Amino acid sequence: MHIPDGFLSTPVWATLDVVSAPAVAWVARRAQRDTQDNRIPLLGVMGAFVFAAQMVNFPVGPGTSGHLVGGALLTVVLGPAAASLVLTAILVLQALIFQDGGVLALGANVFNMALAGVAAAYLANRLWAHASRSVAIFAAGALSVMTSACLALGQLLISGVPMTGGVLWASLGLFLISAIMEGAITVAAVRAIERLNPAWITPQPATSRAVAAIAMAALVLVVVGTLIASAAPDGIQRLTMQGVDSVGWRARTMAGLVGIAMIFALCYLGGKLKSRRRSA
Amino acid sequence: MSRVIQIAGLRYRYPDGTQALDGIDFHLNSGESVALFGANGSGKTTFVLHLNGLLRGEGSIEICGMRLADGTLEQIRSKVGVVFQDSDEQLFMPTVLEDVAFGPLNLGLSPDDALTRARTVLKRVGMAHAFERAPYHLSAGEKKRVAIAGVLAMDPEILVLDEPTTFLDPPTRRDLLSLLRSLPQAKVVVTHDANLARALTSRAVFFDQGRITGQGDVIEIIQRFHWEYS
Amino acid sequence: MSRVIQIAGLRYRYPDGTQALDGIDFHLNSGESVALFGANGSGKTTFVLHLNGLLRGEGSIEICGMRLADGTLEQIRSKVGVVFQDSDEQLFMPTVLEDVAFGPLNLGLSPDDALTRARTVLKRVGMAHAFERAPYHLSAGEKKRVAIAGVLAMDPEILVLDEPTTFLDPPTRRDLLSLLRSLPQAKVVVTHDANLARALTSRAVFFDQGRITGQGDVIEIIQRFHWEYS
Amino acid sequence: MHHLVIDRWSRGSSSLHQRDPRAKLAALLVFLVVLSTTRPGAQWAFVAYAVLLILTANLARLPILGLASRAALVLPFSATFALLTWWSGDSLRALALAEKSFLSGTAALLLVGTTPLTGWTAALESWRVPRMLILVIQFVYRYLFVIAEQVQRMRWAALCRGPKQRGFRLAAGLVGVLFARSWQRADGIYHAMLARGFRGRFVPAPPAPFRSSDALFLSTCLAGCLAIRMLL
Ligand SMILES: Nc1ncnc2c1ncn2[C@@H]1O[C@H](COP(=O)(O)OP(=O)(O)OP(=O)(O)O)[C@@H](O)[C@H]1O
Ligand SMILES: Nc1ncnc2c1ncn2[C@@H]1O[C@H](COP(=O)(O)OP(=O)(O)OP(=O)(O)O)[C@@H](O)[C@H]1O
Ligand SMILES: [Mg+2]
Ligand SMILES: [Mg+2]
């Protein structure tokens, strides 16, 4: 679910921009560090592959079909850092060229899909890796979609987009269906790829299940917490909205511009620190 | 001699504005073979994609007496077998046999009949040894044979081949050539290769910027447009 | 007459166990052109990837008197220019000019010098009109020219071409041929096209299952292995 | 192919095309922030923004209708939520949702319609967006068309042999083959890069100078946006 501009209230998009920018910088550094040179064209081509694979229709039931979203597939094939980076690149292109998701909302979309979605896929894949490969990959696909969609819904609610209980449950139901579909499609795609060349799917190294479980639980808490907090009728939503609406437009514009300035300041400092560390 | 293809005033513009076909009149008789010549980007592939309704332009297309329209699309697709330039794109099932059986199954044959037909056709193109292999691991020439088998298994009346010999070595080309000559279907062959055209077809059509600017005897067309090099 | 390539006992096995090269001895003199013939899968492309160390097999490879090893890799890559089969893989930068300047920049030229050199080379291959265009907007023949320009911009002493004429129409082939003939570099040309080989090279080498089973005058090799079809 | 049209637009030669990408990107951000913070009821402000965008498109010599129809791609999504909002009784807000998302989309299109990909990625890079991300964006864009066309032909090939093409396994097979081809292509590209002296680092192009005309453009945009926002 790509959120366009105009949906999120200023504090929400500004906060998520501020959070996502350094996170992407960190992810880029990681992706650069733990990969060889040949990964640059690989990551680019894999991004184009996901774009194109989304055009393939997977029939499910009479008259309906779904398509691959791809976050979990990329995570399984490339590892989490590289997958995040590729998805961020796709989101930037979608926002600017394909009118799919907003520019100011880029932070939110990157957070939901490229960061949280990939984290969910990664953790799920690790957590259930020794139960069964298929279960792990199914969970990775399903949870990545569910996480992204729930976060987006929560952000819309916090921003004051009104939704009645019925609509909310209906959307959650839809998310669940697309999550199950993504899980099934990811499993089928990974199987097809493995049959062509098993070496393409990097096996998951065994890690501490406890750590993965705790991280997973934290992620679920964040997602569910966001949803509950934002759906509560007189909760955060009203608070935020009143807070925002009572402030003058000048202050809000300033807040937005300051938010952008902060993002750049952070990135700039990050870059400085990095280069200092490198030259040291 | 019945007309299997009859096309009048075909035009097609790609969504980005490229006018790829600009008024094409074309016909093919049953059992006849024709070569399509033309410079890169002159519209040959675009034309070929119209023959079984993968692209839909303006103008009238009649295949085996049926007008191409939404209602006849399925029937027409089973009559026109298109072999694309790139075999890798055409072979998507896990094994050779399954791949060739894919078409017959879609035509509604029972799985047993479909497999039997697939085996027969694969023997015909000389690939009886590779039923269970993965298409991905075959050599270029073998892939091309399987791709042709997949199309022949649909029992088409017209065979359309887009640059069938690229990447094939000369002996494989010769084998493919004699396979194609032994097939009784009417053929449309897109090629840059004058030798292939001479060996396989008698008539040629010359494309230029989305129009047909010349047609006639294949040797005469090759000479008229200097369509050979050495 | 100096040797620019001298190879002895080259063997290479792909990670999946395919023995693609099985003891190759080969040499090339400066300014000379040689054609590589051989069936599909006989190891020609694998061989070519060894000439600038993209693959590293057993055996000794000397390029312009330097033994190929980790230390000489960079120098050798600037001496051997490889034009791959698929131009789309070779043109990876966003614009034509940037793409051609990519090599010179990597050689350590200043951005200004690199761009100047790129412009000169692009003019030379007749692509002066397309500096700012994106590679995916070009036609097949134009892509091939830009790919050759990108290699020429590195000022190599040896030019290696893997099936340079696939997908090109006859006039474009003729143009490419005369361009290649006007280049003074030593050339290794992988091709299935006997006409191209005859026009461009005097000597030919025949690959069979990872070995060289024949070499000599190009016409004689074509006849000996029936490497032509009609 | 949507992005090819935008690509063609971006290679125009109007005065807007010649502005520094950094100025245009900054102007876009200012516009979006001002728009995003506009009060839902301020209908005249929205009209003024639209006029501002039309004037800019005119200056760039881009087709207004083409621009609007492409920006309208967001409308299905916006309209759904606008309807929901309308039902809940907040019609002003409902209208504002649709207006804001549509105008934002148009503004983004104006940027990419007057700036080639290399331009705006260079601007992002000069703002310290990680180089790795920039490279991946460029590669994705470069191979988008190539691989999308491959999918198209694969689907066609399947369609030719199965008019009623259904089947989960078939789709998975297509994705698998596509993946394999993409992987091989990436290998090929990497080989081509190595063959031309690549040593793990792309040599960056020198940034173009930021001219006074670019500064003038940016300040005009800033003044225009703020004026609308304050006066209406
Ligand atoms: N998907 C597409 N979108 C837009 N334009 C296209 C598309 N495919 C082809 N074209 C354009 O349509 C024209 C005809 O292309 P087509 O592929 O039919 O040529 P062709 O005769 O098959 O060339 P070749 O000999 O190189 O295969 C060309 O100008 C080409 O650039
Ligand atoms: N990446 C790879 N992994 C494993 N085997 C490979 C790989 N690439 C090629 N091979 C195999 O190595 C052998 C030599 O292949 P190569 O591509 O060098 O042949 P070629 O002479 O260039 O053939 P063609 O004329 O079809 O291009 C073949 O058997 C092929 O299947
Ligand atoms: Mg074609
Ligand atoms: Mg080869």
Side-chain angles (χ1 to χ4, degrees), chain A residues 4-7 10 24-25 28 31-32 37-38 40-49 51-53 55-59 68 85-86 88-90 92-93 95-99 102-104 161-164 167 188-189 191-193 195-197 200 249 252-253 256-257 260 264 267-268 271, chain D residues 2-3 6 28-29 32-34 36-37 39 70-71 73-74 77-78 81 84-85 88 90 97 100-101 104-105 108-109 111-112 127-128 130 132-133 135-137 139-144 147-148 150-151 166-168 171-176 178-180 182-183 185-186 189-190 193 200 229:
Chain A
D5 276 337
F7 278 70
T10 310
V24 167
Q32 203 150 19
D37 302 341
N38 70 352
I40 293 175
L42 181 64
L43 298 196
V45 173
M46 282 298 133
F49 158 76
F51 242 113
M55 293 162 57
V56 177
N57 282 324
F58 282 77
L68 181 73
L85 193 69
V86 172
T88 305
I90 292 177
V92 170
L93 282 171
L96 279 171
I97 293 185
F98 295 89
Q99 279 21 115
V103 174
L104 293 181
V161 176
M163 271 176 241
T164 58
V167 173
R191 286 249 179 83
I193 292 167
R195 198 160 40 211
L196 292 174
N197 187 345
W200 281 327
W249 70 266
R252 277 186 278 152
T253 312
L257 290 175
I260 290 185
F264 291 129
C267 299
Y268 185 77
Chain D
H2 174 85
H3 65 291
I6 290 171
L28 171 69
L29 289 179
L32 291 179
V33 170
V34 169
S36 145
T37 58
R39 171 171 61 78
R70 272 153 216 286
L73 288 176
V74 299
F77 186 89
S78 312
F81 281 90
L84 287 177
T85 314
S88 76
D90 197 348
L97 267 189
K100 283 184 180 180
S101 55
S104 304
L109 272 175
L111 170 77
V112 293
W127 290 352
R128 307 216 159 233
M132 182 96 172
L133 178 61
L135 287 173
V136 174
I137 290 175
F139 270 102
V140 172
Y141 189 77
R142 164 69 183 90
Y143 286 100
L144 197 55
I147 297 181
Q150 233 165 330
V151 176
R166 308 286 304 169
F168 211 75
L174 287 186
V175 169
L178 190 71
F179 180 92
S182 306
W183 192 284
R185 188 179 288 282
I189 296 165
Y190 182 58
M193 285 164 63
R229 188 64 185 76

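Just so we're on the same page: letters track the sequence lines, and every chain starts at 1. In this text, all values refer to a predicted model and were calculated from it rather than measured experimentally.
- The minimum heavy-atom distance linking D:Leu133 with A:Ala89 is given by the pair CD1-N, 3.7 Å.
- Taking 4.5 Å as the limit, some side-chain heavy atom of D:Phe139 sits within range of a side-chain heavy atom of A:Ile40.
- Contact annotation for D:Val112: only side-chain heavy atoms (C-beta onward) come within less than 4.5 Å of a heavy atom of chain A.
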Run the side chain to side chain contact (heavy atoms under 4.5 Å, CB included) test on A:Phe7 and D:Lys100 for me, step by step, so that the C-alpha distance in whole Å, both residues' side-chain angles and the decisive distance to 0.1 Å come before the verdict. CA-CA 8 Å; A:Phe7 278 70; D:Lys100 283 184 180 180; over 6 Å; no
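- Atom CG of residue A:Leu43 and atom CE of residue D:Met132 lie 5.0 Å apart, to the nearest 0.5 angstrom.
- The distance from the OH atom of D:Tyr190 to the CG atom of A:Leu42 is 11.5 Å, given to the nearest 0.5 Å.
- In this structure, the portions of D:Leu144 lying under 4.5 Å from any heavy atom of chain A include both its backbone and its side chain.
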Please report the C-alpha distance between D:Val33 and A:Thr10 in whole Å, then the side-chain angles of each, then the deciding distance to 0.1 Å, and finally whether the side chain to side chain contact (heavy atoms under 4.5 Å, CB included) criterion is met. CA-CA 8 Å; D:Val33 170; A:Thr10 310; over 6 Å; no
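- Heavy atoms of A:Leu196 lying under 4.5 Å from chain D belong exclusively to its side chain.
- Within the 4.5 angstrom heavy-atom criterion, only side-chain atoms of D:Ser88, from C-beta onward, approach chain A.
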Side chain to side chain contact (heavy atoms under 4.5 Å, CB included) for A:Val161 and D:Leu84? Distances and angles first, verdict last. CA-CA 8 Å; A:Val161 176; D:Leu84 287 177; 5.9 Å; no
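- Taking all atoms of both residues into account, the shortest heavy-atom contact from D:Ser36 to A:Leu104 is CB-CD1, 3.9 Å.
- For A:Asn197, no part sits under 4.5 Å from any heavy atom of chain D, backbone or side chain.
- The shortest heavy-atom contact between D:Ser182 and A:Val45 is O-CG1, 3.3 Å.
- Here A:Ala192 is the residue among A:Ala189, A:Ala53, A:Ala192 with the most heavy-atom pairs under 4.5 Å with chain D.
- Top candidate by heavy-atom pairs under 4.5 Å with chain A, chosen from D:Tyr143, D:Phe179, D:Tyr141, is D:Phe179.
- The CD atom of A:Gln99 sits 6.0 Å away from atom CD1 of D:Ile6, with the distance rounded to the nearest 0.5 Å.
- Per-residue counts of heavy-atom pairs under 4.5 Å with chain A were compared for D:Leu97, D:Val74, D:Asp90; the largest is that of D:Leu97.
- For chain A, the nearby parts of D:Val136 are the backbone and the side chain; heavy atoms of each come within less than 4.5 Å.
- Taking CD1 of D:Ile147 as the start and CZ of A:Phe51 as the end, the distance is 11.5 Å to the nearest 0.5 Å.
- To the nearest 0.5 angstrom, A:Leu85 atom CG is 9.5 Å from D:Leu135 atom CG.
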Apply the test side chain to side chain contact (heavy atoms under 4.5 Å, CB included) to residues A:Ile193 and D:Trp183: give CA-CA distance (whole Å), side-chain angles for both, the deciding distance (0.1 Å), then the verdict. CA-CA 11 Å; A:Ile193 292 167; D:Trp183 192 284; over 6 Å; no
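- Across all non-hydrogen atoms, the minimal contact from D:Phe168 to A:Pro59 is CD1-O, 3.4 Å.
- Both the backbone and the side chain of D:Leu32 come within less than 4.5 Å of a heavy atom in chain A.
- Taking a 6.0 Å sphere around CZ of A:Arg195, one finds it holds more than 12 heavy atoms contributed by other residues, nucleotides or ligands.
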